[in-house]
2 protein chains.
Amino acid sequence: MNEIAPLRRVTIIDIAKAAGVSPSTVSLVLQKNERISAETRNRVEEAIRKLGYKYNRSAANLRRQTSQAIGLIINDICNPFFAEMTAGVQKGLEGTEFLVFLVETGDEIERQSRVYQSLEEHGIGGLIIFPASQTKPEFLERIAAGGTPICVAIRRPPDADVDYVGPDNRLAGRIATRHLIELGHRRIAFLGGEAKSPSRIDRVAGYQEALQRAGNAFDPALCVESRPTRANAISDLNKVLDLPEPPTAAIGYNDNVAIALMHGLRRRGLEPGRQFAIVGIDGTSEAELAYPALTTVALHAHETGRRAAELVLERIKAPGKTHENVILRPNLIVRASCGTR
Amino acid sequence: MNEIAPLRRVTIIDIAKAAGVSPSTVSLVLQKNERISAETRNRVEEAIRKLGYKYNRSAANLRRQTSQAIGLIINDICNPFFAEMTAGVQKGLEGTEFLVFLVETGDEIERQSRVYQSLEEHGIGGLIIFPASQTKPEFLERIAAGGTPICVAIRRPPDADVDYVGPDNRLAGRIATRHLIELGHRRIAFLGGEAKSPSRIDRVAGYQEALQRAGNAFDPALCVESRPTRANAISDLNKVLDLPEPPTAAIGYNDNVAIALMHGLRRRGLEPGRQFAIVGIDGTSEAELAYPALTTVALHAHETGRRAAELVLERIKAPGKTHENVILRPNLIVRASCGTR
DNA sequence: CTGAAAGCGCTTACAG
DNA sequence: CTGAAAGCGCTTACAG
């Protein structure tokens, strides 16, 4: 091994000299081009090893007018759902030369445009984005029109014509509700989530649908909206518990809300899973660690990330292809928070 | 707004022409150089706006022989500790033009060298790394010697002379143990973590130290090692519970283990927080959602990431400065898993 | 205060 | 099968 720290970076020109060929030939070898004879290739590879050559992908990208970085814009990496989605993106990129630039928006639209701007300056070959809640469809369409392969995840842009992958929120609401109905519950609350949030709108629609199919009346008093924080979840729960005819079960807008609901129940002397049933929506691993282990509707965060990565990769290869809409089918994970039969 | 999608990318040459100046002048304006007169600057900025110019940072980086990307190598983004650390890194980079390339190793050393290689090819201005468990100090030192500003996080490299930021594991073990002793416990178990893991070695050392200071004998039977999975935690717990003289409290190697221990207790008919005390080590937000809410020793994941980012930034500015060693002081967060007084 | 020119490390038609 | 030359979009001494 050559242990001398190189003063100047080793380039393909150095390799060319050492191997007695031209830089073009070295470049061709690097690209595993078939035209190069085995003998020449060996000489070049030998020189690469001897000089400790390191490929400069960003120089190549500049020349080629591409980038092998994928921008990933999410709300908050500490949210287990996005952490899993991020892991899925990495998985989907495995085996390629792409690397991900991770940025967070904190669900702030100004910050979102700042980080997007920064991604563009650094150069990205594609973008996967969970749009901040106030995002206008034009923002996304302008990105696509600018030539950046883009895939939107989870949060459906009102009308934007772009690749998309996300869950069937309505079905998720229906599945959660149906499960509780089958368990014999008649008064079922839907707690948390902001009224204007499209995913909540869909989940609630599914909830109402399942109620209706079971011949169960929808009671608006049982459906309370709030920013999905722990504290809000607990106060939402107290509201419905104080009703003249309180519910016997509740669906949390997401797993986090559902877990908070279980804490809230105990403060009221109610044992979750025994005296009151709870189901969440998300299916992240934190649901499994809760006590009692949370019954939840899995939205497949990891799979979402993986598919999103595949979609951008495809669009990078074929920029003109028609837009795809991947809707992932949620499924129920029965654990202990609705009681054990 | 100019809505025509540019066929060719707008460059500083286009701006120069439009503003009637030279490319050098445009570059100087972009860099907010003082030498440029206000009038010229205005003309250039006007042209930038009109033509929709987008700065190509990677071309600039090529010319300058730098990169404004920071590589972040962690084990697993789904582990809340690393998610928080990642958020901390982003925080520490805020206000700079740096972006992070996130990669995971899955704690596999071969994968670690592959992703490192890929980071180098893409070009990084600095590296923050949580080294995979089998990492040799030479690996880290070679990176530093190669000129890449590096900061190691959390897992202390045996002897490597590099910047480092991580927790005081020994103190964390002492704090957890002392808390239980003060609560009146005499038989305290330390459960989970692999025997060869340096952080476990330190935490156990702190545990023994606190025991000794309290005049409490260390019983090896109460200290069981295992890979920190939920299943192992539960079987470790059963082992100590089956002892002739079982413990009345346990420290989990980390929060995840501690939460699993609470599940294990209930399977044995023991109510955590009432009949048995549990304390964790980590202090991630999942500890708060557990039931009962987990008493834990906070290791400051977010702060770790933030400081690591600052250290690389400093080293990028001053490559020759002496190495820093930042040891974060853990602190106890009392919640409900050891009972309420 | 501003411009001409070289160069960062690659790739890629185009010749031969 | 291999090489000479131009160029990707910037920056930076060096002149003036």
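Order of the sequence lines sets the chain letters (A, B, ...), proteins ahead of strands, with each chain counted from 1. Only heavy atoms go into these numbers, but all of them, side chains included; no hydrogens, no water, no symmetry mates.
As rounded to whole Å, 12 Å separates atom C1' of D:dA5 from atom CD1 of A:Ile13. When the P atom of C:dG3 is taken as reference, atom CG of B:Asn33 falls 13 Å away, rounded to whole Å. Rounding to whole angstrom units, CG of residue A:Leu62 and C1' of C:dC8 are separated by 9 Å. The NZ-P distance, from A:Lys17 to D:dA4, rounds to 12 Å in whole Å. Atom-to-atom, CZ of B:Arg43 to C1' of C:dC1 comes out at 12 Å; the value is rounded to the nearest Å. The interatomic distance linking A:Glu39 (CD) with D:dC1 (P) rounds to 12 Å, in whole Å. The NE2 atom of B:His122 sits 18 Å away from the P atom of C:dG9 (whole-angstrom rounding). Note: CG (B:Asn56) to C1' (D:dC8) measures 9 Å, nearest angstrom.
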Query raised in the report: What dot-bracket string describes DNA chain D from 5' to 3', counting Watson-Crick and G-U wobble pairs whose defining distances are under 3.5 Å, with [ ] for crossing pairs and | for pairs to another strand?
Result: |||.||||||||.|||
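For B:Ala47, the side chain to side chain contact (heavy atoms under 4.5 Å, CB included) criterion is met by B:Ile15, B:Ala18, B:Ala19, not counting sequence neighbours. Under the side chain to side chain contact (heavy atoms under 4.5 Å, CB included) criterion, A:Ser37 pairs with A:Glu39, A:Thr40, not counting sequence neighbours. For B:Glu121, the side-chain hydrogen bond (donor to acceptor under 3.5 Å, both in side chains) partners are A:Arg57, not counting sequence neighbours. Residues forming a side chain to side chain contact (heavy atoms under 4.5 Å, CB included) with B:Lys91 (at least two apart in sequence, or on another chain): B:Glu94, B:His302, B:Arg306.
Proximity of B:Thr11 to the phosphate of D:dG9: no side-chain N or O atom is located under 4.0 Å from OP1 or OP2. At the phosphate of D:dG3, OP1 or OP2 sits under 4.0 Å from a side-chain N or O atom of A:Thr25. For the pair A:Thr40 and D:dT2, the criterion of a side-chain N or O lying under 4.0 Å from OP1 or OP2 is met. For D:dG9, one of the phosphate oxygens OP1 or OP2 lies less than 4.0 angstrom from a side-chain nitrogen or oxygen of A:Gln65.
Checking B:Asp107 against B:Ser133 by side-chain atom types alone, a donor-acceptor pair falls below 3.5 Å. With hydrogens and angles left out, the side-chain atoms of B:Gln112 and B:Thr135 include a donor and acceptor closer than 3.5 Å.
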Report task. Would you sort out whether A:Lys317 and A:Glu314 count as a salt bridge (charged side-chain N to carboxylate O under 4.0 Å, His left out), showing the intermediate values? Result -> CA-CA 5 Å; A:Lys317 277 192 211 118; A:Glu314 284 168 25; over 6 Å; no
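Side-chain atoms of A:Ile36 lie closest to D:dT2 of the nucleotides C:dA4, D:dT2, C:dG9.
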Taking only N/O atoms, report every protein-nucleotides 11-15 of chain C pair under 3.5 Å with atom names and distance.
residue, atom, partner, partner atom, Å
C:dT11, OP1, A:Tyr55, OH, 2.7
C:dT11, OP2, A:Ser27, OG, 2.3
C:dT11, O2, A:Arg63, NH1, 2.2
C:dT12, OP1, A:Arg64, NE, 3.2

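Distance alone, capped at 3.5 Å, places no donor-acceptor pair between the B:Tyr55 side chain and the B:Ala60 backbone.
Using cut-offs of 30° and 60° on the angle between ring planes, the pair A:Phe101 and B:Phe101 is parallel.
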